[in-house]
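As a basis for the values below, the full set of heavy atoms in this structure was taken, side chains included, without hydrogen atoms, waters or symmetry mates.
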Amino acid sequence: MADSGRPRPADPDAAESRTASPLAGKKRAQQSPGLRSKYQSSAPGHCFKKVTLTKPTFCHSCSDFIWGIIGFLCEVCNFMCHEKCLKTLRKVCSSMTPSLVQVPVAHCFGPAGQKKRFCCVCRKQTEGSTALRCEVCELHVHADCAIFTCADCRSCHLDGILEQDTFHHHWREGNLASAARCEVCRRSCGSSDVLAGMRCEWCGITSHAACYLAVPAECTLGRLRCMLLHPACVRLDSRNFSKMHCYRIAESCSHELDNSDDADLSAAAAPASKDGQPAASESGKQFLKVFDGDDAVKRGFFRLVSITKNEEVVEAALRAFYLPDDPQDFELHEIGGLQRLHSDDILNRNGGPDNRNSLKDGGDSWLLRAKPRVTEVIKVYTDWPRSGVAFISVSVSDSSTTSSVLAEVLSKLDRQEEDLSKFSLLEVCMSSKQVQRQTLTPQEKLLDKLREIRKVSLRQMNQTRFYIVENKNRAVRVELLIGGLPPLLTTEKYTQLIEEHLAIKSHLVTISNFYLNQGAVALQISCFAEAERIYMLAKDTSINNKTLTSLVIPEITHNTLGEDMCPLLVFVNPKSGGLKGRELLYGFRKLLNPHQVFDIMNGGPLAGLHTFREVPRFRVLVCGGDGTVGWVLGVLEAVRHKLTCREPPIGIIPLGTGNDLARILRWGPGYSGEDPYNILVSVYEADEVLMDRWTILLDAQDVSEDGKDNDFLEPPKIVQMNNYFGLGIDAELSLDFHLAREDEPDKFTSRFHNKGVYVKVGLQKISHTRSLHKELQLHVDGQEVPLPNIEGLIFLNIPSWGSGADLWGSEVDSRYEKPSIDDGLLEMVGVTGVVHMGQVQSGFRSGIRIAQGNYIRLTLRKPIPVQVDGEPWIQPPGHIIISAAGPKVRMLRKSKQKQKKSSANMRDGHSDSPSSRDGH
């Protein structure tokens, strides 16, 4: 589990029990699972027992092999260690994880990948389709263990409620590669066999569980700090929105966890046999269905608790629910009956069958309840970081109210002179899926509140804490980006559509930005309830048969960014490259701030560019095919005037089929599983180059044989071209491929299959003949250029075509300049047919050079297939004009020398990749 912030001392109550006299120790032998056993550890919560090892086993503390046949196993969380490691153990039990959280942040669960991982709750290997992972941090759990996790995810923005003054390491245990080394002792700390070692999820440093407290508390964000969007620079009022909404994570990712809520939880609670089924036939064991509160009974959530002959029922039930409480404070109630099983009723204590039979006769469903308490001690945490203490312990009784508790806390903080009405007591439930906050009324009875929470769920009580907060009249500002509106309307029309379909309240909502070309508006909302209503309503609203999109947009406080900061804006197309796009999306979210990583299929490029509109300097990384890159460049051109940084350089991770632009910028022919950390280092070290872009005006008209315009066919349209523009056989093959992909999109998930389909449609056209020179007329820079007998005409902006082929050729010709991506010229090349295209792609031939120029005019006499950067269609007769499209765009080209240097550094332990350490 995770430990965020400054290391805290062990629980004082636990420390006191370890120093008590033998008599006191005997009297309090059942105080907690961690104190029941005679094998004590320096970390609270564990319940160690000596076990005989029957197979090779590794220590979870030092990650070394356990020689011999004796080990020490925690009966709560399955932590295994040497006897020598018990004295230096620092990692608390899973049952104590909620006590380590500083800023509660919910997780964003989604289906896990195929990598070998270990559950952060029960420490066993996750297998099968039921495993889950957080999309933002490195938390991996079984689906039925997810309910026992707490809100200990990374804090990626400020929300104005609970914040830190210093940015600390955010430690997560386990799932390190075996090559990871400890930052303190420089020994190996990773393991692929057990959940061992600690890693900061921001800077990536690793350490042993026994060494990580020696690392300085403040985190410097590591090597990626210049391109990482610091959480202190991001503000988001997210009270009514889940983290899935805040990070724009597709809602389908959360279905696995939602489905797991309806699952039978008994499988995780009972010992399992080799085939994964509870070993019900083991001699001397019984199984009870135990519920932890009224909510569990209502929803049917129980734990199947196994009881041995000499084991206490209540203590076993507490262990099953990962509760670090005193068994003497609890009792079991038979559901539907009056029978109670107290903590001092031990099964078969005297060797007789009486107690055991009473359990069987009374039924196998029991409710774990807390005994009534006259007084209780609660911990009240402070929300101001510089108070010097993490929490204040306060004793509450039946007469204790919120006001009296606040007064006592302020007194212990030496702030008793301050006005009590300026403070509130905040109840925070830190469940793994959502952090729920509730302000208690001044006269509310605290002891009644605690009893109410425990009655609903004992797990909820373990994940609930109280904060003293200062009342602040902070202005609420939630920003939503509403997309899917009809494009190219007036601002008045957009305002009318929003008011009509979303019924916005003008005194609470302001339209701050209009994006006419994209059909989107940005709303500034000053009320949480109104923001939530508009967000949900927009997702159920359609205009012109098109459903609106709604995204929560964070605010980047650009004035707090350092001068050396150049954050990276990442766009990932998860549908490109099969499942590789989704894995890259996950990898970049956990290496960077998820607020700078965008799923381009959820809102398009506009969401990211709008978020970064006020950032003075940033770079862009596009993960997808040439079509995805063109999409980003097109939207960037349309909204450039709204950006402070109008020309951000753009890098590419090739996930498409051809990837020609990525090839000439040295990013490779396709993504082959490279470590995301190494990718980010390469982007940081990449060189900036300029690239031409071209505007194509398509004016469809009925053109007679003498070249004169007759009837008007359709309105003209303008498209942008980055790589190449083709007419004839080249575009015809692209069109056939495009139609085949539309018919069966699920089959087109790999470059190998896509290229196979290209070959198939090419063979079908091998006998096709077309006299393209008779169907069009070409003018270059005002001069008519005669065309040879060709079937395809291609205009090149980059020296790569058709998955890396050199169509122009390398021969030196004094009539033409050497092609370059920033020379302001287009190269015109002809091909004679499919066979010629195949020879070019095989490297045996080049195309037929026709001309070079910067202003092209084409006259089409017949409908002809055309394609721009791989997007094909049938173009009616008319005119086509190609000209330069404004300023050149800045691209990132992978640096050869720097890449060699960084590759050498990666072999050094100090530069180990955080993502490589977790198996990516």
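- Judged by distance alone, with hydrogens and angles left aside, the side-chain atoms of R303 form a donor-acceptor pair with the main-chain N or O of A320 at under 3.5 Å.
- Checked by atom type and distance alone, the side chain of H230 pairs as donor or acceptor with a backbone atom of A232 at under 3.5 Å.
- The main-chain N or O of H107 is never found under 3.5 Å from a side-chain atom of S432 such that the two would form a donor-acceptor pair.
- Heavy-atom contacts from other residues, nucleotides or ligands closer than 6.0 Å to NZ of K412 number more than 12.
- Aromatic ring pairs are classed by plane angle as parallel below 30°, tilted from 30° to 60° and perpendicular above 60°; the pair Y535 and F241 is perpendicular.
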Practice problem: Give the C-alpha distance, both sets of side-chain angles, the deciding distance and a yes or no for ring pair (Phe, Tyr, Trp, His ring centres under 6.0 Å) between F118 and H140. | Solution: CA-CA 7 Å; F118 292 92; H140 292 263; over 10 Å; no
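- Figure legend: cation-pi geometry between R133 and Y586, with NZ or CZ positioned under 6.0 Å from the six-membered ring centre and within 45° of its axis.
- Counting heavy atoms from C-beta on, the side chains of V290 and L367 never come closer than 4.5 Å.
- Side-chain N or O atoms of E479 include none that pairs as donor or acceptor with a backbone N or O of T611 at under 3.5 Å.
- With S403 contributing its side chain and P442 its backbone, the two residues share a donor-acceptor pair below 3.5 Å.
- With S526 contributing its side chain and L508 its backbone, the two residues share a donor-acceptor pair below 3.5 Å.
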Practice problem: Evaluate the criterion side-chain contact (heavy atoms from CB on, under 4.5 Å) for residue pair F466 and L426; output intermediate values, then yes/no. | Solution: CA-CA 6 Å; F466 298 93; L426 189 68; over 6 Å; no
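- Ring planes of Y381 and F391: tilted class, angle from 30 to 60°.
- Here the side chain of H142 pairs a donor or acceptor atom with the backbone of Q125 at under 3.5 angstrom.
- R248 contributes a side-chain N or O that, together with a main-chain N or O of P594, makes up a donor-acceptor pair within less than 3.5 Å.
- A side chain to side chain donor-acceptor pair (under 3.5 Å) with E173 holds for exactly one of R123, H60, R199; it is R123.
- Of the possible polar contacts, none joining the R90 side chain to the L213 backbone as a donor-acceptor pair under 3.5 Å is found.
- Partner E427 forms a side chain to side chain donor-acceptor pair (under 3.5 Å) with one of K449, R437, Q436, R465 and no other, that one being K449.
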Self-check item: Verdict with reasoning, C122 to Y322, per side-chain contact (heavy atoms from CB on, under 4.5 Å)
Solution: CA-CA 10 Å; C122 69; Y322 295 91; 3.6 Å; yes
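- We find that R172 and E138 are not joined by a salt bridge, their nearest charged nitrogen and carboxylate oxygen being 4.0 Å or further apart.
- Note on R459 versus D292: salt bridge recorded, some NZ/NE/NH1/NH2 to OD/OE distance being below 4.0 Å.
- Under the side chain to side chain donor-acceptor pair (under 3.5 Å) rule, E555 has a single partner from R477, H157, H595, R235, which is R477.
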Quiz prompt | F302 and W366: CA distance, side-chain angles, deciding distance, ring pair (Phe, Tyr, Trp, His ring centres under 6.0 Å) verdict | solution = CA-CA 9 Å; F302 64 88; W366 297 79; over 10 Å; no
Practice problem: For side chain to side chain donor-acceptor pair (under 3.5 Å), just list the numbers for S424 and N471, CA-CA rounded to whole Å, side-chain angles, deciding distance to a tenth of an Å, and then say yes or no. | Solution: CA-CA 7 Å; S424 298; N471 299 328; 2.5 Å; yes
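- For Q596 (side chain) and N593 (main-chain N/O), a donor-acceptor pair under 3.5 Å exists by modelled atom type.
- Between D294 and R369, at least one side-chain N (NZ, or NE/NH1/NH2) sits under 4.0 Å from a carboxylate O, which counts as a salt bridge.
- Ion pairing of E376 with R454 is present here, as a side-chain N (NZ or NE/NH1/NH2) and a carboxylate O approach within less than 4.0 Å.
- The heavy-atom pair separating K91 from A209 by the smallest distance is CB-CB, 4.1 Å.
- By the neighbour-count criterion of 12 heavy atoms within 6.0 Å, atom CZ of R373 is densely surrounded, having more than that number from other residues, nucleotides or ligands.
- Using a 4.0 Å cut-off between a side-chain N of Lys or Arg and a carboxylate O of Asp or Glu, D398 and R451 qualify as a salt bridge.
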